[in-house]
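Structure record follows, encoded as structure tokens.
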Amino acid sequence: MRLLLIRHGQTPSNLKHLLDTAAPGPGLTPLGQEQAAALPQALAAEKIDALYASTLVRTQLTAEPLAAATGLEVQVRDGIRELAAGELEMRGDDDAAAAYLSTAFAWSAGDTGRRMPGGENGVEALGRFDAVVAEAAGTGAKTVAMVSHGAAIRMWVAARAGNVDVAYASGHPLGNTGVVVLSGSPEQGWQVLLWEGSPLGPEGRFPEDSGPAGEAAPGL
């Protein structure tokens, strides 16, 4: 299966660098609406068979232009929502961002028992995202697009893709409507083909350089 993981368009909370993870969450800024409207053209070469979005409003609004262009129904699933910030919710300071990201990437590295302060642990976060991916794979769809969230996408990809590690994912934030393209299956594993414009699969080169987790913005 070809899996397109798409970060939602810009929100007011993105502009304020807030850890805004609770439902229903904010809508899109005017720029975010433009970014969503540009997705169908940007993904015109993809033959999308199924389209998913999280339970947060911003992903559903981002998916709407794709749904209109493809004629697909947006399937809303809680499993691909953003990583719950718990006690860090609506904070925008550097300490909160560092704690949030270090926890998320600890899950990617295998420390899945670690818990976000007042929130979920890695078993729960990975499990819910895995379940939606498995559901999509079970439909037999060849290409699936999921509109999700920056931290959730980066955490899951670093945990599940064979050619992306924590150092790379933590050092390469996703911009709004940035896309990570993977190929594979829940049974055989996943390989990243493209990370927001940078080829990482068999046709590209996996960059060796990376930065520490604390340098990357959460990208909610």
Side-chain angles (χ1 to χ4, degrees), residues 5-29 32 52-62 76-134 146-161 164-176 178 180 195-196 210-220:
L5 298 179
I6 306 164
R7 186 187 171 202
H8 59 80
Q10 186 190 71
T11 73
S13 293
N14 291 154
L15 293 175
K16 298 176 181 178
H17 305 289
L18 299 177
L19 290 166
D20 187 351
T21 70
L28 302 178
T29 64
Y52 291 77
S54 83
T55 45
L56 303 189
V57 169
R58 54 191 178 270
T59 61
Q60 296 170 48
L61 293 175
T62 303
V76 177
R77 298 291 185 272
D78 184 65
I80 55 173
R81 62 175 163 77
E82 187 55 291
L83 309 178
E87 295 172 4
L88 306 174
E89 185 72 14
M90 296 308 291
R91 285 177 55 178
D93 56 284
D94 290 344
D95 288 345
Y100 183 84
L101 284 174
S102 64
T103 301
F105 289 122
W107 298 341
S108 302
D111 186 8
T112 55
R114 184 169 170 178
R115 187 169 294 278
M116 195 73 71
E120 62 191 334
N121 65 24
V123 174
E124 295 161 345
L126 283 164
R128 60 179 172 81
F129 208 107
D130 285 340
V132 182
V133 173
M146 294 186 179
V147 185
S148 182
H149 305 262
I153 292 171
R154 292 161 68 203
M155 181 278 298
W156 186 83
V157 171
R160 298 296 186 241
V164 167
D165 59 13
V166 170
Y168 185 83
S170 66
H172 292 77
L174 283 178
N176 291 110
V180 177
W195 184 288
E196 199 174 42
S210 59
E215 291 183 358
L220 308 181

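The line from OH of Y100 to CG of L88 is 9.0 Å long, rounded to the nearest 0.5 Å. Rounding to the nearest 0.5 Å gives a distance of 13.5 Å between CZ of R154 and CG of L5.
Legend: residues meeting side chain to side chain contact (heavy atoms under 4.5 Å, CB included) with V132, ordered by chain and number and at least two apart, are Y52, R77, I80, M146. Considering only residues two or more places apart in sequence or on other chains, S148 meets the side chain to side chain donor-acceptor pair (under 3.5 Å) condition with none of them. Taking D111 as the reference, nothing meets the salt bridge (Lys or Arg N to Asp or Glu O under 4.0 Å) condition, with sequence neighbours excluded. With sequence neighbours excluded, the residues forming a side chain to side chain contact (heavy atoms under 4.5 Å, CB included) with E89 are D20, T21, A22, A85, listed by chain and number. Every side chain to side chain contact (heavy atoms under 4.5 Å, CB included) that L126 has, sequence neighbours left out, goes to T112, D130, M155, W156, A159, R160. With sequence neighbours excluded, no residue forms a salt bridge (Lys or Arg N to Asp or Glu O under 4.0 Å) with E196. Qualifying ring pair (Phe, Tyr, Trp, His ring centres under 6.0 Å) partners for W195, counting only residues two or more places apart in sequence or in other chains: Y168. Residues satisfying the salt bridge (Lys or Arg N to Asp or Glu O under 4.0 Å) criterion with R115, sequence neighbours excluded, are E124. Partners of S54 according to the side chain to side chain donor-acceptor pair (under 3.5 Å) rule, which considers only residues two or more places apart in sequence or in another chain, are T59, H149. Looking at residues two or more places apart in sequence or on another chain, you find no side chain to side chain donor-acceptor pair (under 3.5 Å) involving T62. Here D95 pairs with R91, D93 under the side chain to side chain contact (heavy atoms under 4.5 Å, CB included) rule; sequence neighbours left out. N121 meets the side chain to side chain donor-acceptor pair (under 3.5 Å) test with no other residue; sequence neighbours excluded.
Here the closest heavy-atom approach between residue D78 and residue R128 is recorded as O-NH1, 3.9 Å. The shortest heavy-atom contact between T11 and P26 is CB-CG, 3.9 Å. For the pair R114 and S102, the tightest heavy-atom approach, listed with the atom from each and the gap, is NH2-OG, 3.4 Å. When all heavy atoms are compared, the tightest approach of A23 to L56 is CA-CD2, 3.4 Å. A125 and W107 make their closest contact through CB-CZ3, 3.5 Å (heavy atoms, listed as atom of the first residue, atom of the second, distance). Of all heavy-atom pairs spanning L83 and A104, the tightest one is CD1-CB, 3.6 Å.
The shortest distance between side-chain heavy atoms of H8 and N176 falls below 4.5 Å.
For the pair E87 (side chain) and G119 (backbone), a donor-acceptor distance under 3.5 Å is absent.
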